[in-house]
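One structure is given below, encoded as structure tokens.
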Amino acid sequence: ATAQIGVTGLAVMGRNLARNLARNGFTVALHNRSPERTRSLVAEHGDEGTFVPTESLADFVAALERPRAVIIMVKAGGPTDAVIDELVPLLEAGDIIIDCGNAHFADTRRREEALRAKGLHFVGTGVSGGEEGALWGPSIMPGGSAESYRKLGPIFEKIAAQVDGEPCCRHVGPDGAGHFVKMVHNGIEYADMQLIAEAYDLLRAGLGATPSELAEIFREWNTGELESFLIEITADVLAHTDAASGEAFVDIVQDRAEQKGTGRWTVQIALDLGIPITGIAEATFARSLSGHVGQREAAVRAFPDSGEKWQVNDRETFIEDVRRALLASKIVAYAQGFDQIRAGSAEYDWNIDLGGTATIWRGGCIIRARFLDRIKQAYDEQPELPTLLVAPWFADTVRDGVPSWRRVVAEAARAGVPAPAFASSLAYFDALRAERLPAALIQGLRDNFGAHTYRRTDRDGSFHTLWATPDRAEVEA
Ligand code: NDP
């Protein structure tokens, strides 16, 4: 047994992760259900490091040093369970199975519990950064036991992206914590992309600019507070011309956004936890809406465009307004995502370090951004921060952005350009900062029709008004 770690599942992600491990000096045992992938990996990249190719799971396990560390990188869901079931009889107490696929954290909790009962460690690990990340340095979010991290930490931290000398990897927390955090990461990614898309749409409509002109605006934004991977690739995509048609690439792509489901999971879990992640939810629903082609066609016919062009007067001010609105809305989306992590951590006893989570996301992953340093700093300074929105830099930025934010949302509504994530983020902000919410009326209605009781502002206790009686007397419930 010579390999320090093994990877089973050598499609694009597993292959690149195995190459990354080998390039960083680890001896990597290789396995894939169909041996062709194993063979082609060794044939094409065998010189990049030390690989131990195997064609049966028994040989694969036998190639590993003890305690064995086995990365599973197969299709999430049933295939992951199938591979675990095949592996378990071959392993011994203390061995570690690491699932780097996009598992639902509830599945990870179930698997971890079942394997813990057999004396095995199961480490559900979120990996972000796509193919390139897996190869050159992903953002890694491992859950599982602290004990397993003692073996895995040095390996993962070496192959992860590095920012300012710090790895974009740290132990997130027990059992499903890593996959939970990865899920929220993807939810935030949905919100971030939707906000960027709305900014693009507003700029395009308001300025009447071409995609390549808009690319310049995003390129410029990428030199400031918005600096991030997603803004950078937005500029790339907008600047790209389709070779076949000569049209702007963005104009020849069908406008139906697809999803693999992690955004949806984030929203579903947020509903269960009672956390209003409105930015992520709007982004997820916006993708769904874009796919309802029949409804969209019917509505286009029923409500044709007036043909009136929206032309902003002061271009520079408008661009700056959209930039500030984007930044403020993005702060809301991140604040909500971190609220969800805090809530998940409390619900499942994970004790997740929020500032530490921001550190993991500073590099390697899709939402990597300058901004994440600020988040880390905010939680380091005040671990019990009630919401990211009130941390000094975020509060100042939002305060500065509010007039722009209101102008953009109002102008979008007036011009009929949909900006659901901008608008709902602003509404969330206004609701959070309102001294009184109309929730009081909702409580009154609930008491009226269902005797659901209410609390008073002036004394403790639960009360019910006898709405059907002539004097509407109040009783203590
Ligand atoms: P796929 O999700 O396409 O899965 C293909 C791999 O799964 C192949 O190795 C295949 O083996 C194996 N497999 C499928 N069914 C079984 C089974 N029943 N038993 C054994 N092996 C099986 O591969 P990707 O590389 O795209 O993704 C791997 C994981 O990483 C997934 O969970 C995915 O969600 C996640 N992912 C993460 C990304 C990220 O950015 N973090 C990006 C993309 C994916 P065979 O070759 O024999 O068919």
Side-chain angles (χ1 to χ4, degrees), residues 6-21 28-42 44-45 53-58 60-61 70-90 97-108 111 122-143 156 159-161 168-169 172 176 178-190 192-193 229-230 233 258-266 360-361 363-368:
V7 181
T8 179
L10 300 173
V12 53
M13 291 295 291
R15 177 184 178 100
N16 283 359
L17 209 58
R19 290 174 58 197
N20 185 350
L21 286 160
V28 189
L30 301 173
H31 176 266
N32 191 70
R33 178 178 60 179
S34 39
E36 294 75 22
R37 287 195 201 271
T38 313
R39 292 177 199 152
S40 84
L41 170 44
V42 175
E44 289 163 37
H45 305 286
T54 66
E55 300 201 354
S56 74
L57 266 186
F60 174 66
V61 168
V70 179
I71 293 179
I72 302 180
M73 201 48 157
V74 303
K75 252 188 210 334
T80 302
D81 281 316
V83 174
I84 292 172
D85 288 347
E86 272 184 78
L87 269 172
V88 166
L90 304 170
I97 297 182
I98 307 127
D99 176 17
C100 286
N102 269 335
H104 192 291
F105 78 95
D107 285 336
T108 301
R111 290 168 182 147
F122 183 74
V123 181
T125 300
V127 178
S128 176
E131 296 174 34
E132 286 293 301
L135 182 56
W136 297 110
S139 165
I140 309 181
M141 296 153 255
F156 280 168
I159 66 161
C168 297
C169 171
V172 176
H179 274 138
F180 185 93
V181 162
K182 169 68 188 337
M183 173 188 79
V184 176
H185 163 283
N186 284 25
I188 292 175
E189 177 186 314
Y190 275 49
D192 225 339
M193 288 167 68
F229 172 67
L230 282 170
I233 62 171
E258 295 177 8
Q259 50 184 317
K260 283 193 183 161
T262 38
R264 186 175 64 235
W265 291 347
T266 316
I360 306 180
W361 294 346
C365 65
I366 306 300
I367 63 171
R368 62 185 182 263

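Quick note: residue numbers are just sequence positions, from 1. All ligand and atom numbering here is 1-based and tracks the order in the structure. Quick caveat: nothing in here was measured; it's all calculated off a predicted structure.
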Original post:
Would you say ligand 1 has an N or O under 3.5 Å from any N or O of Gly130?
Top reply: yes

Original post:
What pairs meet the salt bridge (charged side-chain N to carboxylate O under 4.0 Å, His left out) rule with one or both residues in residues 8-19, with sequence neighbours excluded?
Top reply: Arg15-Glu44, Arg19-Glu48

Subject >> Over all atoms of both residues, closest heavy-atom pair of Pro53 and Thr38 >> reply: CB-CG2, 3.9 Å

Subject >> Identity and separation of the nearest protein heavy atom to atom 47 (O) of ligand 1 >> reply: Ser34 OG, 2.7 Å

Original post:
Can an N or O of Met13 be found at a distance shorter than 3.5 Å from an N or O of ligand 1?
Top reply: yes

Original post:
Numbering the atoms of ligand 1 from 1, which are under 4.0 Å from a heavy atom of Ala11?
Top reply: 5 (C), 6 (C), 8 (C), 9 (O), 23 (O), 25 (O)

**OP:** Mark up the atoms of ligand 1 that fall under 4.0 Å of a heavy atom belonging to Val12, in ascending order.
**Re:** 25 (O), 26 (O)

Subject >> Shortest protein contact, atom 35 (C) of ligand 1 (heavy atom only) >> reply: Asn102 N, 3.9 Å

Original post:
When you measure from atom 3 (O) of ligand 1 to every protein heavy atom, which one gives the shortest distance, and what is it?
Top reply: Lys75 NZ, 3.2 Å

Original post:
Can you tell me which residue and heavy atom of the protein come closest to atom 46 (O) of ligand 1, and the distance to 0.1 Å?
Top reply: Arg37 NE, 2.5 Å

Original post:
What protein heavy atom sits nearest atom 28 (C) of ligand 1, and how far away is it?
Top reply: Met73 O, 3.7 Å

Original post:
When only distance counts, is Val74 in polar contact with ligand 1, meaning an N/O pair under 3.5 Å?
Top reply: yes

Original post:
Side chain or backbone of Thr8 under 4.0 Å from ligand 1, or both, or neither, by non-hydrogen atoms?
Top reply: neither

Original post:
Of the protein's non-hydrogen atoms, which lies at the shortest distance from atom 41 (N) of ligand 1, and what is that distance?
Top reply: Val127 O, 2.4 Å

Original post:
Just which atoms of ligand 1 are under 4.0 Å from any heavy atom in Leu10?
Top reply: 9 (O)

Subject >> Protein contact of atom 20 (C) of ligand 1 - nearest heavy atom, named by residue and atom, plus distance >> reply: Val83 CG2, 3.5 Å

Original post:
Would you call the rings of Phe60 and His31 parallel, tilted or perpendicular, where under 30° means parallel and over 60° means perpendicular?
Top reply: tilted

**OP:** Would you give the length of the straight line joining atom CG of Leu135 to atom CE of Met13, rounded to the nearest 0.5 angstrom?
**Re:** 10.5 Å

Original post:
Going by the order shown, which atoms of ligand 1 are within less than 4.0 Å of some heavy atom of Gly101?
Top reply: 29 (C), 30 (O), 32 (O)

Original post:
Who pairs with Asn102 by side-chain contact (heavy atoms from CB on, under 4.5 Å), at least two apart in sequence or on another chain?
Top reply: Lys182

**OP:** Measure the spacing between CE of Met73 and CG of Leu17 and express it to the nearest 0.5 Å.
**Re:** 5.5 Å

**OP:** Of the side chain and backbone of Asn32, name the one, both, or neither that has a heavy atom under 4.0 Å from an atom of ligand 1.
**Re:** side chain

Original post:
Quick one: does Thr125's side chain have a donor or acceptor within less than 3.5 Å of a partner on Met141's backbone?
Top reply: no

**OP:** Return yes if some donor-acceptor pair links the side-chain N/O of Ser139 with the main-chain N/O of Cys169 below 3.5 Å, else return no.
**Re:** no

Original post:
Where is the nearest protein heavy atom to atom 18 (N) of ligand 1: which residue, which atom, and how far?
Top reply: Arg33 NH1, 3.4 Å

Original post:
Taking all atoms of both residues into account, what is the closest heavy-atom pair of Ala103 and Asp99, and its distance?
Top reply: CB-OD2, 3.5 Å

**OP:** Just do the side-chain contact (heavy atoms from CB on, under 4.5 Å) check on Phe105 and Val181 with the steps written out, would you?
**Re:** CA-CA 9 Å; Phe105 78 95; Val181 162; over 6 Å; no

**OP:** Heavy-atom contacts with Pro79 under 4.0 Å: which atoms of ligand 1 show up? List them by number with element.
**Re:** 15 (N), 16 (C), 17 (C), 18 (N)

**OP:** Using distance alone, determine whether Gly9 and ligand 1 share an N or O pair under 3.5 Å.
**Re:** no

Original post:
What atoms of ligand 1 come closer than 4.0 angstrom to any heavy atom of Ala76?
Top reply: 32 (O)

Original post:
Got a second to check how far Asn186's CG is from Trp265's CH2, nearest 0.5 Å?
Top reply: 9.0 Å

Original post:
Distance-only, no hydrogens or angles: does the Asn16 side chain make a donor-acceptor pair with backbone N or O of Ala134 under 3.5 Å?
Top reply: no

